[in-house]
Amino acid sequence: MAQGTLEVLLVGAKGIENTDFLSNMDPYAVLRCRSQEQKSSVASGKGSDPEWNETFMFTVSDSTTELFIKLLDSDGGTDDDFVGEATIPLEAVYAEGSIPPTVYNVVKDEEYRGEIKIGLTFTPEDARDEGF
């Protein structure tokens, strides 16, 4: 079983549903890979087309088949609004080693709600010990 590090580049999103009626929403993403969860910064006032350009690291094995990304709107004082989610299959990154930033559909209630752009890189554990 191959183990290693999954590097996720969260580039941005486009055309996601604005859940704030009076102002631009403040979207952020929660990335989950098995039991590991990480949260992006809040793109304050960026509305439907936020950009993050943030990198996240997860320890994975090739039995980890998917990365889940949930988009939320940060609402001070009230519960954050669910905007949509994307499920990203990981088989290709294990085979290729890296996937350039690619657009994935964001869905909510099984309907298309915009898109999110993600880049992936997988570094197998044993490859880090070799070289240099």
Side-chain angles (χ1 to χ4, degrees):
M1 178 161 73
Q3 285 193 308
T5 304
L6 177 68
E7 182 178 315
V8 180
L9 172 63
L10 175 64
V11 179
K14 284 214 180 328
I16 56 176
E17 182 183 24
N18 191 346
T19 56
D20 282 354
F21 300 108
L22 300 173
S23 62
N24 272 342
M25 64 178 175
D26 307 313
Y28 67 94
V30 175
L31 296 83
R32 196 177 86 239
C33 204
R34 285 200 141 166
S35 62
Q36 305 164 72
E37 198 171 87
Q38 297 186 47
K39 192 172 140 179
S40 76
S41 62
V42 174
S44 292
K46 296 292 188 212
S48 300
D49 300 322
E51 279 191 23
W52 292 281
N53 291 310
E54 291 178 33
T55 302
F56 302 89
M57 302 293 228
F58 294 95
T59 302
V60 294
S61 67
D62 55 14
S63 63
T64 307
T65 57
E66 294 172 324
L67 170 71
F68 298 98
I69 299 178
K70 196 159 64 167
L71 293 176
L72 297 129
D73 172 25
S74 178
D75 288 336
T78 60
D79 285 344
D80 293 351
D81 297 321
F82 176 67
V83 176
E85 61 192 343
T87 302
I88 296 160
L90 298 176
E91 290 86 6
V93 75
Y94 295 139
E96 304 291 323
S98 68
I99 309 267
T102 303
V103 171
Y104 299 91
N105 287 347
V106 172
V107 294
K108 177 181 177 183
D109 303 325
E110 295 182 14
E111 289 181 25
Y112 173 82
R113 299 285 192 199
E115 52 196 41
I116 190 164
K117 196 172 195 181
I118 302 285
L120 299 170
T121 305
F122 175 66
T123 307
E125 213 164 60
D126 46 313
R128 288 181 298 201
D129 302 332
E130 297 165 14
F132 299 109

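The basis for the numbers below is simple: all heavy atoms, side chains too, and nothing from hydrogens, waters or symmetry mates. We're numbering straight along the sequence, starting at 1.
At a threshold of 4.5 Å between non-hydrogen side-chain atoms, the residues Arg113 and Ile16 do not count as touching. At least one side-chain heavy atom of Cys33 sits less than 4.5 Å from a side-chain heavy atom of Leu6. For the pair Leu9 and Pro101, the minimum side-chain heavy-atom distance is below 4.5 Å. At least one side-chain heavy atom of Asp20 sits under 4.5 Å from a side-chain heavy atom of Asp75. Using a 4.5 Å cut-off on side-chain heavy atoms (C-beta onward), Ser41 and Trp52 make contact. Looking only at side-chain heavy atoms (C-beta outward), Val8 and Phe58 come within less than 4.5 Å of each other. For the pair Leu72/Val30, a side-chain contact is recorded, criterion being any heavy-atom separation below 4.5 Å from C-beta on. A 4.5 Å side-chain heavy-atom check between Asp26 and Pro50 finds every atom pair outside the cut-off.
Minimum interatomic distance between Ala43 and Glu51 (heavy atoms only, all atoms of both residues): CB-O, 4.4 Å. The minimum heavy-atom distance linking Leu71 with Ala29 is given by the pair CD2-CB, 3.8 Å.
Judged by distance alone, the side chain of Tyr94 and the main-chain N or O of Ser61 form a donor-acceptor pair under 3.5 Å. Using modelled atom types, no side-chain atom of Gln3 and backbone atom of Val60 make a donor-acceptor pair closer than 3.5 Å. Remark: the backbone N or O of Glu111 is not paired with any side-chain donor or acceptor of Asp109 at under 3.5 angstrom. Side chain of Asp49 to main chain of Gly15: a donor-acceptor pair is present (N/O by atom type, distance under 3.5 Å, no hydrogens or angles). For the pair Gln38 (side chain) and Met57 (backbone), a donor-acceptor distance under 3.5 Å is present. In terms of modelled atom types and a separation under 3.5 Å, the side chain of Thr65 and the main chain of Ser63 share no donor-acceptor contact.
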Kindly indicate, with the supporting measurements, whether the criterion side-chain contact (heavy atoms from CB on, under 4.5 Å) is fulfilled by Thr102 and Tyr104. CA-CA 7 Å; Thr102 303; Tyr104 299 91; 3.9 Å; yes
Could you go step by step and tell me if Thr123 and Glu7 meet the side chain to side chain donor-acceptor pair (under 3.5 Å) rule? CA-CA 8 Å; Thr123 307; Glu7 182 178 315; 5.8 Å; no
Applying side chain to side chain donor-acceptor pair (under 3.5 Å) to Asp73 and Tyr28, what does each step give before you reach the verdict? CA-CA 6 Å; Asp73 172 25; Tyr28 67 94; over 6 Å; no
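Cluster annotation: Ile116 is not connected to Val11 through the hydrophobic network of ILVMFWY side chains, with a link wherever side-chain heavy atoms come within less than 4.5 Å.
To the nearest 0.5 Å, atoms CD (Glu66) and CG (Leu90) are separated by 7.5 Å. Here the CD1-OG1 distance, from Ile69 to Thr87, works out to 9.0 Å after rounding to the nearest 0.5 Å. Here Leu10 contributes atom CG and Ser40 contributes atom OG; the two are 5.5 Å apart, rounded to the nearest 0.5 Å. A distance of 12.5 Å separates CD1 in Ile99 from CZ in Phe122, rounded to the nearest 0.5 Å. Here the NZ-CG distance, from Lys70 to Leu31, works out to 11.5 Å after rounding to the nearest 0.5 Å. Here the straight-line distance linking atom CG of Asn24 with atom OG of Ser48 works out to 7.0 Å at 0.5 Å rounding.
With respect to the salt-bridge test (charged N to carboxylate O, under 4.0 angstrom), the residues Glu37 and Lys39 do not qualify. A salt bridge links Glu17 to Lys108: at least one charged side-chain nitrogen sits closer than 4.0 Å to a carboxylate oxygen.
In this structure, Lys117 places its NZ atom where only 12 or fewer heavy-atom neighbours from other residues, nucleotides or ligands lie under 6.0 Å away.
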